[in-house]
Amino acid sequence: MAGGPTLNAVSIEQQRRLVTALPGPRSRELMARKTSAVADGVGTTMPVFAAAADGGIVVDADGNHLIDLGSGIAVTSVGAANPRVVAAVTEQVAAFTHTCFMVTPYDGYVAVAEALNRLTPGSHDKRTALFNSGAEAVENAVKIARAWTGRDAVVVFDHAYHGRTNLTLAMTAKNKPYKHTFGPFAPEVYRVGGSYPYRDGVVDGAVAAARAIDQIEKQIGVENLAALVIEPIQGEGGFIEPAPGFLPALAAWCRAGGVVFVADEVQTGFARTGDLFACEREGVVPDLIVTAKGIAGGLPLSAVTGRAEIMSAPHEGGLGGTYGGNPIACAAALAAIATIEEDGLVGRAREIETLVKARLTAIRDKDDRIGEVRGRGAMLAVEIVRSGGSEPDPRLARDVAKAAHGQGVIVLTCGTYGNVLRFLPPLTIGDALLDDAFDVIAAAFEEIR
Ligand code: PMP
């Protein structure tokens with residue numbers, strides 16, 4: 001796919017174009033209304049309101065064309081108005097919007113479960129349950145693991161992010177903005193050190209895993225542990241790729257001790273990292289895998305998929321919810337999955353990696369405030385540090401992001417230290433837009449001192 005995917009189905013002109021200063025007058029008006037109507041706790045990255053989006057472009061309320069390097073936080077991998085998703089949703093919404101799968105079930109839910117059972121790592125017998133958000137699915141994975149093992153404890157890692165509900169806040173590492181003032185949090189969640197080669201200097205994943213396992217055995221005891229929950233590449237914590245061997249060693253230890261190994265692939269799943277699922281890169285087969293975000297072309301849907309015997313541990317009626325596996329979201333998921341498979345979006349994610357990493361490496365070669373370029377596929381980042389060392393520099397990350405925003409490039413920050421610029425373009429973005437976006441970012445690094 002030289003030059004990127006064929007975008008003739010995309011209705012929006014794939015070009016960055018600013019027709020007002022950002023934010024424009026219409027966005028300013030809407031922001032004033034937001035301020036008086038929406039709770040302050042709900043922040044926004046940019047003070048710019050969206051009117052349309054697809055391919056690699058978000059059009060704002062004033063008609064500005066912005067380059068999308070965020071995908072609504074890794075969601076719209078197939079585009080934000082993918083024609084197949086739009087057609088499937090339109091057909092389903094006209095047929096029926098909801099009956100509740102727990103009342104009168106429908107085939108879309110079953111078809112999504114079949115697709116997930118087929119596509120997720122491992123050829124064993126699997127079952128799936130559907131939910132609405134990533135956090136809700138993570139909570140259900142913990143419920144299922146507890147029901148299966150009869151044990152209580154859950155292990156999570158430094159820099160982890162698993163959501164904002166009460167149990168998942170206990171599992172999420174970072175205090176501000178997520179946890180501050182919101183406790184007390186659910187008990188029996190234990191945090192151990194993970195693998196962060198850039199900062200801990202341990203490049204042998206087996207060594208990092210042995211350290212974590214020692215901590216678990218000393219402080220919790222394998223016989224008390226229901227589940228180990230881990231992001232194969234940590235997302236909100238800073239796009240941290242563990243040292244090779246770390247995930248396989250943890251998975252093997254879990255298997256030996258009867259601990260359920262749960263891969264939280266909410267952010268990494270569905271082609272984002274240049275594999276359909278990030279676990280595949282090292283051949284790790286999780287007992288349970290949690291998916292959301294990229295699964296359904298922008299509609300809210302999440303899933304827990306895993307070994308049939310573990311998934312079947314909860315009693316009938318023990319899993320569910322009014323909206324879980326909503327028929328419109330399921331129709332969107334089937335269309336998104338077909339797009340990923342038929343349009344070769346796993347390969348496209350790898351092409352994006354090649355292009356973007358070359359651009360980021362070129363910036364790093366001239367600027368030692370980029371401590372590391374990392375990530376896989378279309379989940380890439382730079383960790384920003386003070387010149388001459390490795391002290392995190394969140395101010396520079398914020399300033400570069402702001403400069404990009406001002407030029408019409410949507411870019412997000414993340415990281416425990418707030419010093420990581422992350423890049424999550426839709427997989428349907430074209431090369432020309434990527435080049436334009438990274439020209440803007442390179443210029444921002446040159447201008448801001
Ligand atoms: N797990 C991971 C790894 C995530 O990145 C996220 C969202 N950023 C969640 C869970 C929570 O998903 P949601 O916001 O849909 O609840």
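Computed from a predicted model, the values in this text were never measured in an experiment. Atoms within a ligand are numbered from 1 in the order they appear, just like the ligands themselves. All residue numbers in this chain count up from 1 along the given sequence.
- In this structure, a donor-acceptor pair under 3.5 Å is present between the side chains of T416 and H159.
- At a heavy-atom distance under 4.0 Å, only side-chain atoms of E236, from C-beta outward, approach ligand 1.
- Using a 4.0 Å cut-off between charged side-chain N and carboxylate O, D275 and R350 make a salt bridge.
- With 3.5 Å as the limit, one finds a donor-acceptor pair spanning the side chains of Q267 and E236.
- The shortest N or O to N or O distance between D264 and ligand 1 is under 3.5 Å.
- Interface of K293 with ligand 1, defined as ligand atoms under 4.0 Å from a residue heavy atom, comprises 5 (O), 6 (C), 7 (C), 8 (N).
- Less than 4.0 angstrom separates some heavy atom of E231 from each of these atoms of ligand 1: 3 (C).
- Here the heavy atom of the protein found nearest to atom 5 (O) of ligand 1 is Q267 NE2, 2.9 Å.
- Distances between N or O atoms of G134 and those of ligand 1 include at least one value under 3.5 Å.
- The N/O atoms of E136, backbone and side chain alike, include none that comes under 3.5 Å of an N/O atom in ligand 1.
- Residue H162 touches ligand 1 through its backbone alone, judged by heavy-atom distances below 4.0 Å.
- Proximity of atom 15 (O) of ligand 1 to the protein is indicated by at least one non-hydrogen atom lying closer than 4.0 angstrom.
- In terms of polar-atom proximity, A135 is counted as a contact of ligand 1, with an N or O under 3.5 Å from an N or O of the ligand.
- Under a cutoff of 6.0 Å and an axis angle of 45°, K179 and F185 form a cation-pi pair.
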Inset, instruction - Determine, step by step, whether F277 and F270 satisfy the ring-ring contact (aromatic ring centres under 6.0 Å, His included) criterion, reporting the C-alpha distance in whole Å, the side-chain angles of both residues, the deciding distance to 0.1 Å, and the verdict. - result: CA-CA 6 Å; F277 297 98; F270 289 102; 5.2 Å; yes
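- If you check the side chains of T268 and E265, you find a donor sitting under 3.5 Å from an acceptor.
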Legend entry - Test log, rule side-chain hydrogen bond (donor to acceptor under 3.5 Å, both in side chains), inputs E383 and Y196: CA-CA 12 Å; E383 175 152 2; Y196 191 163; 2.8 Å; yes
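- Using a 4.0 Å cutoff on heavy atoms, S133 counts as a contact of ligand 1.
- Both the sub-6.0 Å distance and the 45° axial angle are not jointly satisfied by R359 relative to the ring of F423.
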